[in-house]
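Everything on this sheet refers to the single structure shown next.
Proteins get letters first, then strands, A, B, ... in listed order; numbering begins at 1 in each.
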Amino acid sequence: MKTVTRFAPSPTGNLHIGSARTALFNWLFAKNTKGKFLLRIEDTDKVRSTKDSINKILEGLKWLDLKWDDEIIYQSKNQKRHNEVAEDLLKNGLAYKCFCSEEELKNMREEAKILKKPFRYNRMWRDRDLKDAPKNIDPVIRIKSPIDGESNIDDIIQGSIKVSNEEMDDFIIVRSDGTPTYMLSVVVDDHDMNVTHIVRGHDHLTNTFRQNVIYNAMNWNVPKSAHIPLILGPDGSKMSKRHGAIDVEEYKNNGILSDALINYMLRLGWSHGDDEIISLENAIKWFSLEKIGKSPAKFDNDKLISVNSHYIKELDNNKIISFLENYYNKKYKIELDKISINRLNLGLDDIKTRSRDLNQLAEMALFYCSKFPITVSKKADKYIKKVDKNTFKDLLIVLKNIENDFKKQKIEQIIAKFLSEKGLKLSDIIQYIRAMITGLDVSPRIYDIMEVLGFEEIKKRIEYFING
RNA sequence: GACCCCUUCGUCUAGCGGUUAGGACUCAAGAUUUUCAUUCUUGCAACACGGGUUCGAGUCCCGUAGGGGUCACCA
């Protein structure tokens, strides 16, 4: 049988890193088994669901390149079907209308509190005659869950788990306004979509027991489940805003590559021997739900950054250039012209080894773009203020001699000669040159940069500072 | 609080009854170096605790402690 997985986010916010990993695992499992990966938007909470959130989630998935199969399913559109199932259950005596008042429910809750027990509905309408029904109350529909015995699930990741049926109550499947609840909707949709494997966060584990009550009542096959451990913040508590970035979009904005984020998320809870950098191809080949660990993992930004810098080094220059085009335009209102692109193509490899993320890369490559005068950082400005102008006037004269053969070896030679004649050390001038031609205090090797920029450009930049 | 789950270096993890407990990130030291990186060497660092089972336990069992999750007319 063909495997079918699904990712079922509720559109009440951005695409969370934890959800993204759930999507990744579903996607990988589907690819590994040559099955389908479906997307279902659980938009039944009309108050909290937003169009904007749907867009953000889709954008996030697209950025991560986790393509779903078939059309997106919007749960809200299946409401009628969900209600039909509820009616069915009602007709067969497997569910019942409950006319409990808010008052009565409140009392149950308070009683539970005093007894220090979790709240459980007391099933007062389970076998009660409908003739007793109060006229002023719109009933909810509750499902009859087993009163005694125990239920067990056999989870691919968590193993076999048993729970006494006393822990469950007759939960609501249709609200008093006639709308189906999540518990009903997921089951019906998963069944209708022929989902074979439910891969979701560990926080849904206890829901599985409830959902199984519905599967059993409908006499439907229960899909296999795999509950993946949650991602925790660095301090071991639930991942939240105070831990920094938590949404996929934020990582993107922080200059993290999608490949790097995928690789990092994959290694959170899953492993393949000692492999750290894992291509998508291998990830698909090697992935299995059984190999996902049971314990929750803490998010480690340092490791993400290290994976990210690895992927940056491997990144294609054209991709970087198109990123830079956008970045510079937005931030500095600079258009990349032919000269800049040419320089970037020559100089980018050296910048890549120095970058932890794309934003840092962009700042470091800015001096290659032909804006004049160049932007100068605070640290570079300190050097520029202390520049010995005569030295560099002389240096320019010397450099002009090799203007037509402006190659790094040549430049290195001529500067070495210049220094020995002047009785100077390289350290006497190097940071000053760097500051004047890059506007930065750190950069790739100076000779390499000079060759890329060319004599005219260097002359222009240095003269701007020493004549000014 | 009740129920369920989890526990190997600081972090992510390998290990599937016999290992000098391995790798990666971080950190430290060194080499290369033109700043910063890269690269390369080396080092620090873990089986939560207590009982069993066994010739032998990180690995199996039971407790304890710690952490997490769930307990809605939200999903």
Side-chain angles (χ1 to χ4, degrees), chain A residues 8-12 42-45 47-49 75 98 100 102 105 109 112-113 115-121 138-142 153 155 157-159 161-164 166-169 171-183 185-186 201-207 209-210 227 229-230 232 234-238 264 267-277 293-307 309 313 349-356 364 379-380 383 412 415 425-427 429-431 433-435 438 440-448:
Chain A
S10 53
T12 53
E42 309 219 316
D43 55 349
T44 49
D45 184 336
V47 181
R48 296 198 302 149
S49 298
Q75 188 158 64
C98 164
C100 246
E102 272 179 50
L105 246 19
R109 257 180 252 277
K113 210 171 183 181
L115 292 170
K116 292 193 168 181
K117 293 250 173 169
F119 163 70
R120 297 274 130 76
Y121 167 65
D138 293 323
V140 297
I141 298 176
R142 290 180 183 269
I153 57 177
D155 192 84
I157 295 168
Q158 306 295 335
I161 299 160
K162 289 186 177 60
V163 160
S164 164
E166 284 163 29
E167 300 298 327
M168 276 186 285
D169 64 358
F171 58 90
I172 294 169
I173 56 173
V174 176
R175 300 186 191 92
S176 54
D177 66 359
T179 57
T181 62
Y182 161 78
M183 219 54 83
S185 299
V186 238
H202 188 259
D203 50 337
H204 282 283
L205 188 69
T206 53
N207 284 336
F209 288 97
R210 294 197 189 84
H227 287 89
L230 302 179
L232 271 27
D235 60 353
S237 67
K238 200 173 174 176
Y264 178 73
R267 283 287 291 100
L268 231 42
W270 182 88
S271 63
H272 181 267
D274 284 342
D275 293 304
E276 295 288 345
I277 299 296
K294 285 180 163 189
S295 50
K298 296 188 183 97
F299 194 90
D300 182 7
N301 207 255
D302 284 335
K303 183 113 181 198
L304 205 216
I305 290 292
S306 124
V307 174
S309 34
K313 275 175 223 135
D349 283 348
D350 284 330
I351 305 271
K352 283 195 271 194
T353 61
R354 276 155 247 258
S355 306
R356 296 148 65 86
M364 213 182 283
K379 282 179 181 170
Y383 286 108
E412 189 171 356
I415 287 181
K425 284 176 299 186
L426 186 59
S427 56
I429 63 162
I430 199 82
Q431 284 301 79
I433 302 184
R434 195 188 310 283
T438 68
L440 301 167
D441 64 322
V442 298
S443 80
R445 286 166 56 93
I446 280 300
Y447 311 126
D448 299 358

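Going from atom CG of Asp203(A) over to atom P of rA75(B) covers 15 Å, rounded to whole Å. At whole-Å resolution of the value, CD in Gln158(A) and C1' in rU70(B) are 13 Å apart. Across the protein-nucleic acid pair, Gln75(A) atom CD and rA75(B) atom P stand 8 Å apart, rounded to whole Å. Atom-to-atom, CG of Asn301(A) to P of rG10(B) comes out at 20 Å; the value is rounded to the nearest Å. Leu205(A) has its CG atom 10 Å from the P atom of rC6(B), to the nearest Å. Rounded to an integer number of Å, the gap from NE2 of His227(A) to P of rC3(B) is 21 Å. Distance Asp300(A) CG to rC9(B) C1': 13 Å, rounded to the nearest Å. Distance Lys113(A) NZ to rA72(B) P: 12 Å, rounded to the nearest Å.
In this structure, the nucleotide among rG1(B), rU13(B), rA75(B) sitting nearest to the side chain of Ser271(A) is rU13(B). Comparing rA75(B), rU13(B), rC5(B) by their nearest atom to the side chain of His202(A) picks out rC5(B). Listed nucleotides rA75(B), rC4(B), rG68(B) differ in distance to Leu230(A); the shortest reach to its side chain belongs to rG68(B). Looking at the side chain of Lys116(A), the nearest of the listed nucleotides rC12(B), rA75(B), rG1(B) is rG1(B). Side-chain proximity of Lys238(A) to the nucleotides rG69(B), rU7(B), rC12(B) is greatest for rG69(B). Of the listed nucleotides (rC4(B), rC12(B), rA72(B)), rA72(B) has the atom at the smallest distance from the side chain of Arg109(A). Counting only heavy atoms from C-beta on, Pro296(A) has its side chain closest to rC6(B) among rA75(B), rC6(B), rU35(B). The Lys294(A) side chain lies nearest to rC6(B) when the options are rC6(B), rG69(B), rA75(B). Taking only side-chain atoms of Ser237(A), from C-beta outward, the nucleotide of rG68(B), rA72(B), rA75(B) with the closest atom is rG68(B). Side chain of Val163(A), nearest nucleotide from rC71(B), rU26(B), rC4(B): rC4(B).
Of all nucleotides present, only rC6(B) satisfies the Watson-Crick or G-U wobble test against rG66(B), with each distance under 3.5 Å. Here rC71(B) sits opposite rG1(B) as a Watson-Crick or G-U wobble pair (both hydrogen-bonding atom distances under 3.5 Å). Pair check for rA28(B) finds rU42(B); Watson-Crick or G-U wobble, both atom distances under 3.5 Å. With a cut-off of 3.5 Å on both pairing distances, rU20(B) has no Watson-Crick or G-U wobble partner at all. With a cut-off of 3.5 Å on both Watson-Crick or G-U wobble distances, the partner of rU54(B) is given as none.
Taking the centre and axis of the six-membered ring of Tyr121(A), the NZ or CZ atom of Arg142(A) falls inside the cone set by 45° and 6.0 Å.
When heavy atoms are screened at a 4.0 angstrom cut-off, Asp275(A) is found touching no nucleic acid atom at all. Within the 4.0 angstrom heavy-atom criterion, only backbone atoms of the sugar-phosphate kind lie near Glu42(A); the bases stay farther away. Here Ile446(A) lies in heavy-atom contact (under 4.0 Å) with a base. If you check every strand for non-hydrogen atoms under 4.0 Å, Ile430(A) touches a base. Residue-level contact check: Arg120(A) touches the backbone only, with heavy atoms under 4.0 Å from sugar-phosphate atoms and none from bases. Heavy atoms of Gly269(A) sit under 4.0 angstrom from primed sugar atoms or phosphate atoms, though from no base atom.
At least one donor-acceptor pair under 3.5 Å links the side chain of Tyr264(A) to the backbone N or O of Asp300(A). Checking side-chain atoms of Glu42(A) against main-chain N and O of Gln75(A) turns up no donor-acceptor pair under 3.5 Å. Side-chain N or O atoms of Ser309(A) include one that pairs as donor or acceptor with a backbone N or O of Ile305(A) at under 3.5 Å. Although no hydrogens or angles enter the test, the distance criterion places no donor-acceptor pair under 3.5 Å between the side chain of Asp350(A) and the main chain of Pro444(A). Within the 3.5 Å criterion, the main-chain N or O of Glu166(A) finds a donor-acceptor partner in the side chain of Ser164(A).
Judged by closest nucleotide on RNA chain B, Lys162(A) is the one of Thr181(A) and Lys162(A) placed further toward the 5' end. The residue among His272(A) and Ala8(A) whose nearest nucleotide of RNA chain B is located toward the 5' end is His272(A).
Side-chain contact check for Leu205(A) versus Ile161(A): some heavy-atom pair is nearer than 4.5 Å.
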Do Val186(A) and Asn207(A) pass the side chain to side chain contact (heavy atoms under 4.5 Å, CB included) test, and can you show the C-alpha distance, the side-chain angles, and the key distance before you say yes or no?
-> CA-CA 10 Å; Val186(A) 238; Asn207(A) 284 336; over 6 Å; no
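For Lys303(A) against rA24(B), a side-chain-to-base donor-acceptor contact under 3.5 Å is present.
One finds no side-chain N or O of Lys117(A) lying less than 4.0 angstrom from the OP1 or OP2 phosphate oxygen of rA2(B). In this model, the phosphate group of rA75(B) is approached by a side-chain N or O of Thr44(A) to a distance below 4.0 Å at OP1 or OP2.
Separation of the C1' atoms belonging to rC6(B) and rU13(B) is 15 Å when rounded to the nearest angstrom.
Counting heavy atoms of neighbouring residues, nucleotides and ligands inside a 6.0 Å radius, atom CZ of Arg356(A) does not exceed 12 of them.
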Do nucleotides 36-45 of chain B as a string where each nucleotide becomes B, S or -: B if the base has a protein heavy atom under 4.0 Å, S if just the sugar-phosphate does, - if no protein is that close.
-> BBSS------
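A salt bridge is defined here as a Lys NZ or Arg NE, NH1 or NH2 lying under 4.0 Å from an Asp or Glu carboxylate O, and Glu276(A) with Lys303(A) meets this definition.
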